[in-house]
Amino acid sequence: MIRTRIAPSPTGDPHVGTAYVALANYAFAKRQGGKFVLRIEDTDQARSTPESEAAILRSLRWLGISWDEGPDVGGPHAPYRQSQRSALYEKYARELLEKGDAFRCFCSAARLEEMRETQRLLKQPSRYDGHCLKLSADESERRANAGEPFVIRLKVPDRGSITVDDMRRGPTVFEWNAVDMQVLMKSDGLPTYHLANVVDDHLMEITHVIRGEEWISSAPKHLLLYQYFGWKPPVLMHLPLLRNPDRSKLSKRKNPTSILFYERMGYLPEALLNFLGLLLAPVESEHEELFGLDDLSRRLDFGTISLGGPVFDVAKLDWLNGHYIRKKSPAELEEAFGEWTYDRAALHEIVALAQQRIERLSDLAPLCAFLFAGRVAVSRETLLSAKIDAETARKALALAMWRLDDGPLFDKATIEGELRAVADELGVKFRDLSRLYYVAISGSAASLPLFDSMVLLGRDLCRERLRTALAELGGVSAAEQKAWRAA
RNA sequence: GGCCCUAUCGUCUAGAGGCCUAGGACGCCGGGUUCUCAACCCGGUAACACGGGUUCGAAUCCCGUUGGGGCUACCA
């Protein structure tokens, strides 16, 4: 029985890359009557949030992807949330420690940093130097008992090599002396991805690990863990990474990456699914181009999948979306629009906000139109004012984007607080800066109240409008980004 | 810097030594249809990164160069 999994980390917006990998796993499992598991990798306590987890589950469901086992539907290998499986990882880490396949490391961050710097200078691979490997078992035990903080690292051989086999790429040889002695247990007692992932994949009987290409270089560590535990490793398949138009790894700095964005923008789930599917299962003729989940399962073939990282081509997505919109009956389209647009309560709110600002009923729709739009047209002239020059404006937009990105909440108070903080940071009055935000968000300097509008629009659309306005003013260079973020 | 992956039209790709004067789709351009615009139909533009091999024959195999990407955390 084939068993695959998607293991998202609930540390932010549901990413289209997650959907892409989930789709590959789902389709591969279903194609041979296997099971597809969803597991939440929330071992990063600082960054994981329940809001993010809920959004990821919801987004995948919205796309039409379902799972046989998962935190919400349960299953024979529950729990499916790593934060609830701590005892397991502790047990296995202890086993490695006892067998001498792992060791406690008491090194300070400063020492490790210095070590890496030296290694780079000497043109050597970055790798733990084995400092704490020399500690005797007694001393290691004694220091741990004395309460000294430590991590547990994987012991990696100094010589020899390992071959990683990939369904599409075939074998790749890695020299052990270039593989780092990865931390398996953090000082907070929680496992890192590397340990948790191996333990869970084994326990959950995952037969095929289909994941992004960024994991290739840690595959040797994972395989070594399977060896140490005496477990049969899964078959590996590394998918190429989705790219920005400039070919770098798809990132929200340069592109909308959140599934929520595409949903709010008015893309249909079947269109997004088809688009992602096209990147996984190429077609030979135009007659095969339109397909759904079942067809993807039938056609997916990792043996021939293209390995050049595909650019996320929104123009093609647009075309597909148009196709699916036209294919609907008017009644279906009406229903889709109803689901997409604001609910009754929000509509009430919108009308209330507009009421005092209109003189004729016919003023209502134009005033509110920006709330129903994806992007709005902005120009340099309307964005800038006598009080705010282009430099200040660019910085104000960039800072607003970054501030609004973090934090689980996107409510009125949060937005107001963050935007006012930007004004303070720039040493300008918020009143002078507000016009910029009004134009960026609504397309006009005369509009509905800003913070309310932003809540209604949601984080994803707001971020995209700020990004669009920023691009109109010339964008932000890498150097500026670094400097501004540091300050 | 080190290690690894990768390379066909602008983009997604077909191509598994002769079927390739390299096919399709999106985009773009032109035409048709039409009360406008879309949609639709027809046509066009456009690519095997480069250099060496192997072979009777290479987009396809090998090596090198170059380009792109990833990893290099007590993040995943």
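Per chain, numbering begins at 1; letters A, B, ... match sequence-line order.
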Handout entry: Distance-only donor-acceptor check, side chains A:Lys254 and A:Ser248, under 3.5 Å
Key = yes

Handout entry: CD/A:Glu114: more than 12 non-hydrogen atoms of other groups inside 6.0 Å
Key = no

Exercise for the section: Searching all strands shown, indicate the nucleotide that pairs with B:rC40 (Watson-Crick or G-U wobble; both distances under 3.5 Å). Expected result: B:rG32

Practice task
Could you tell me whether A:Thr43 contacts a base, only the sugar-phosphate backbone, or nothing, with contacts defined as non-hydrogen atoms closer than 4.0 Å?
Solution key: sugar-phosphate

Fill in the blank from the handout: A:Arg243 has its side chain closest, among B:rG69, B:rA76, B:rG1, to B:rG69

Practice task
Between B:rA39 and B:rA25, how far apart are the P atoms? Round to whole Å, please.
Solution key: 16 Å

Problem - Between B:rC40 and B:rC26 - P atom distance, rounded Å - result: 8 Å

Problem - Rounded distance (Å) that lies between atom C1' of B:rC71 and atom CD of A:Glu213 - result: 10 Å

Exercise for the section: Flag yes if more than 12 heavy atoms outside A:Glu117 fall under 6.0 Å of its CD atom; otherwise flag no. Expected result: no

Handout entry: Residue that, paired with A:Leu278, satisfies side chain to side chain contact (heavy atoms under 4.5 Å, CB included) out of A:Leu276, A:Asn274, A:Leu280
Key = A:Asn274

Practice task
Quickly work out the A:Leu195 CG to B:rC75 C1' distance and round it to whole Å.
Solution key: 15 Å

Problem - Whole-Å distance separating the CD1 atom of A:Ile325 from the C1' atom of B:rC40 - result: 17 Å

Practice task
When you get a sec, tell me which of B:rA76, B:rU6, B:rC71 is the closest nucleotide to the side chain of A:Leu307?
Solution key: B:rU6

Practice task
Report which part of the nucleic acid A:Arg153 touches: base, sugar-phosphate, or nothing (heavy-atom distance under 4.0 Å, all strands).
Solution key: sugar-phosphate

Fill in the blank from the handout: Checking N1-N3 plus N6-O4 or O6-N4 for Watson-Crick, or N1-O2 and O6-N3 for wobble, each under 3.5 Å, the partner of B:rG17 is none

Exercise for the section: For nucleotides B:rC19 and B:rG53, find the distance between their P atoms and express it as a whole number of Å. Expected result: 23 Å

Exercise for the section: Please confirm whether any donor atom in the side chain of A:Ser187 sits under 3.5 Å from an acceptor in the base of B:rC74, or the reverse. Expected result: yes

Problem - B:rC48 pairs with, by Watson-Crick or G-U criteria that keep both distances under 3.5 Å - result: none

Problem - Output field: ring centroids A:Tyr92/A:Trp231 closer than 6.0 Å - result: yes

Fill in the blank from the handout: Between NE2 of A:His194 and P of B:rC74 the distance, given in whole Å, is 9 Å

Exercise for the section: Please measure how far the P atom in B:rG24 lies from the corresponding atom in B:rC71, and state the result in whole Å. Expected result: 37 Å

Problem - Identity of whatever pairs with B:rG1 - Watson-Crick or G-U, under 3.5 angstrom - result: B:rU72

Handout entry: Base partner of B:rA7, which must satisfy Watson-Crick or wobble distances under 3.5 Å
Key = B:rU66

Exercise for the section: Please work out which residues in residues 154-183 of chain A have a non-hydrogen atom less than 4.0 Å from an atom of RNA chain B and list them by number. Expected result: A:Arg169, A:Thr172, A:Phe174, A:Val183

Problem - Below 4.0 Å: OP1/OP2 of B:rA73 and any side-chain N or O of A:Arg116 - result: yes

Problem - Distance below 4.0 Å between A:Ser126 side-chain N/O and B:rA73 OP1 or OP2 - result: yes

Problem - Whole-Å P distance, B:rC28 and B:rU34 - result: 24 Å

Practice task
Determine the contact category for A:Ser218: base if any of its heavy atoms lies under 4.0 Å from a base atom, sugar-phosphate if only primed atoms, P, OP1 or OP2 are that close, otherwise nothing.
Solution key: nothing

Practice task
Report the distance from atom CH2 of A:Trp215 to atom C1' of B:rC3, rounded to the nearest whole Å.
Solution key: 17 Å

Practice task
Would you please indicate yes or no on a ring centroid separation below 6.0 angstrom for A:Phe275 and A:Trp319?
Solution key: no

Practice task
Could you work out the separation of B:rC37 and B:rG44 based on their P atoms and round it to a whole Å?
Solution key: 24 Å

Handout entry: Inter-nucleotide P distance (B:rC50, B:rC9), Å rounded
Key = 10 Å

Practice task
Determine, for A:Glu41 against A:Arg39, whether the closest basic-nitrogen to carboxylate-oxygen distance falls under 4.0 angstrom.
Solution key: yes

Completion exercise
Rounded to whole Å, the CZ-P distance (A:Arg81 to B:rA76) equals 17 Å

Handout entry: Qualifying side-chain hydrogen bond (donor to acceptor under 3.5 Å, both in side chains) pairs, either residue in residues 53-76 of chain A, two or more places apart
Key = A:Arg3-A:Glu69, A:Lys30-A:Asp68, A:Glu53-A:Arg81, A:Arg58-A:Glu263, A:Arg61-A:Asp72, A:Trp67-A:Asp72, A:Glu69-A:Tyr80

Completion exercise
When rounded to whole Å, the CD1 to P distance for the pair A:Ile216 and B:rG70 reads 13 Å

Completion exercise
Taken to the nearest whole Å, CD/A:Gln45 to P/B:rA76 is 11 Å

Practice task
Using a cut-off of strictly less than 4.0 Å, decide whether A:Lys249 has a side-chain nitrogen or oxygen near OP1 or OP2 of B:rG68.
Solution key: no

Practice task
Measure from NZ or CZ of A:Arg168 to the centre of the six-membered ring of A:Phe302 and say whether it is under 6.0 Å with the direction within 45° of the ring axis.
Solution key: no

Exercise for the section: Report the relative orientation of the aromatic rings in A:Tyr193 and A:Trp215; use parallel for angles under 30°, tilted for 30 to 60°, perpendicular for over 60°. Expected result: parallel

Practice task
By nearest nucleotide on RNA chain B, pick out whichever of A:Lys123 and A:Pro149 is the more 5' one.
Solution key: A:Lys123

Problem - A:Phe106 six-ring face occupied by A:Arg143 cation (under 6.0 Å, within 45°) - result: yes

Handout entry: Pairing partner (Watson-Crick or G-U wobble, both distances under 3.5 angstrom) of B:rU60
Key = none

Exercise for the section: Pick the P atom in B:rU55 and in B:rU60, then give their distance to the nearest Å. Expected result: 16 Å

Problem - Touch class at under 4.0 angstrom, heavy-atom based, for A:Arg47 against every strand present - result: base

Completion exercise
B/S/- along nucleotides 11-35 of chain B (protein heavy atoms under 4.0 Å) is BSSS---------SBSS--------

Exercise for the section: Test the A:Arg299-A:Phe291 pair against the cation-pi criterion, namely NZ or CZ under 6.0 angstrom from the six-membered ring centroid and within 45° of the ring axis. Expected result: yes

